[in-house]
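Reviewing the structure listed below.
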Protein chains: 2
Amino acid sequence: MCNHHQEIEESTDRCCPRGGRVRGFMQPWLLLLLAQRPAHGYELMERLSQGEATPAADPGLLYRTLRQFEEEGLVRSSWDTEGGGPARRVYEITAEGLDYLHAWVVNIRRTRERLDRFLSEYEAYFHSKKGGEQDVRTR
Amino acid sequence: MCNHHQEIEESTDRCCPRGGRVRGFMQPWLLLLLAQRPAHGYELMERLSQGEATPAADPGLLYRTLRQFEEEGLVRSSWDTEGGGPARRVYEITAEGLDYLHAWVVNIRRTRERLDRFLSEYEAYFHSKKGGEQDVRTR
DNA sequence: GTATAATATATGTGAAAATCAGATAACAGA
DNA sequence: TCTGTTATCTGATTTTCACATATATTATAC
């Protein structure tokens, strides 16, 4: 069972990126998971949601993303009618998709560096000046 | 001189998040910069773009974001007509804005953990299986 | 003096990305 | 037969962002 549309327990109070998801991050995950082994959408959804990697991906976005990848030649698909349950569309990554994934990782590393730079700057300010005593008039 | 609209030399080939910017990341930066000291939009733009923190922020987005912050009570502004050049709207962060920033940082730390998890998974796969020899038929 | 560059703020628009909500269908077991 | 699980997909709306452009003021270069 893959409980999407579940309630978000850590509502983050009211702040920041909606739902606590990392934005624009489903795409590289999908390519990586498919690089590991071919899979169908539903399985990808479960693998994405497990381990707290991403909090319950939206199926609509996931399936649309896979179709889009196929249009772009990053993955290719075939129907699997064997086994119980409804037919499933099994995706596998292409050579082009692998290239794309590798290029993406370069970007993600750069992104992490920027995150670190932000957090350093934040800590430098709020830890050196204990509590940040720059005068903020609460008036 | 603050050369926005500059050409992006590292075009990342054709891949990934548009323009190489980190998505949804201007907002916490603005709050942090304003926590350090009050400033007007143009100055914030320069501080954002320097040090490669963010590659040349879009002024449109920046000014809109500041106005939105003001609506939400995260910052407050006043006009500064002193000194040369056109009048500038000087923003300072509010107590609520500081709270918001701190909450945001919690999220950003979580985001970084997720990035790391992704990169670990990627490296685990592509470094153990040298070159990832999972059979990808190039056909 | 006037044209140009730099400073500074702002809006209008459109594409892409993401959310929310539901429709559809096959099969399994009670 | 009715419900639950597996599985895929679409439609509507909202949000986000990038790009282009408009505007005004002052400084300086010619």
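We use all heavy atoms of the structure for the numbers below, so side chains are in, but hydrogens, waters and symmetry mates are not. Model, not experiment: these values are computed from the prediction. Proteins come first, then strands; the chains are lettered A, B, ... in the order of their sequence lines, and each starts at number 1.
- Residue A:R23 has its side chain nearest to C:dA18 when only C:dA18, D:dC9, D:dT6 are considered.
- Looking at A:R47, its side chain does come within 3.5 Å of a backbone N or O of A:L33 through a donor-acceptor pair.
- Proximity of A:R67 to the phosphate of D:dC9: a side-chain N or O atom is located under 4.0 Å from OP1 or OP2.
- Between A:L66 atom CG and D:dA7 atom C1' the separation is 13 Å, expressed in whole Å.
- The side chain of B:R64 lies closest to C:dG12 when the candidates are D:dT10, D:dC19, C:dG12.
- Among the protein residues, A:G60 comes within range of the nucleic acid bases, having at least one heavy atom under 4.0 Å from a base atom.
- If you measure from atom CZ of B:F25 to atom C1' of D:dT15, you get 19 Å, rounded to the nearest angstrom.
- When distances are taken from the side chain of A:H40 to each of C:dA17, D:dA7, D:dA18, the shortest belongs to D:dA7.
- Residue A:R89 has a polar side-chain atom (N or O) positioned under 4.0 Å from OP1 or OP2 of D:dC9.
- In this structure, the side chains of A:L101 and B:F126 come closer than 4.5 Å at one or more pairs of heavy atoms.
- Side-chain N/O atoms of B:Y63 include none lying less than 4.0 angstrom from OP1 or OP2 on C:dA10.
- Taking every side-chain heavy atom of B:D58 into account, D:dA18 is the closest of C:dT9, D:dA18, C:dC20.
- Nearest nucleotide to the B:P86 side chain, out of C:dA8, D:dC19, C:dA18: C:dA8.
- Each of A:E70, A:R64, A:E72, A:E71 was scored for a side-chain hydrogen bond (donor to acceptor under 3.5 Å, both in side chains) with A:Q68, with one residue passing: A:E72.
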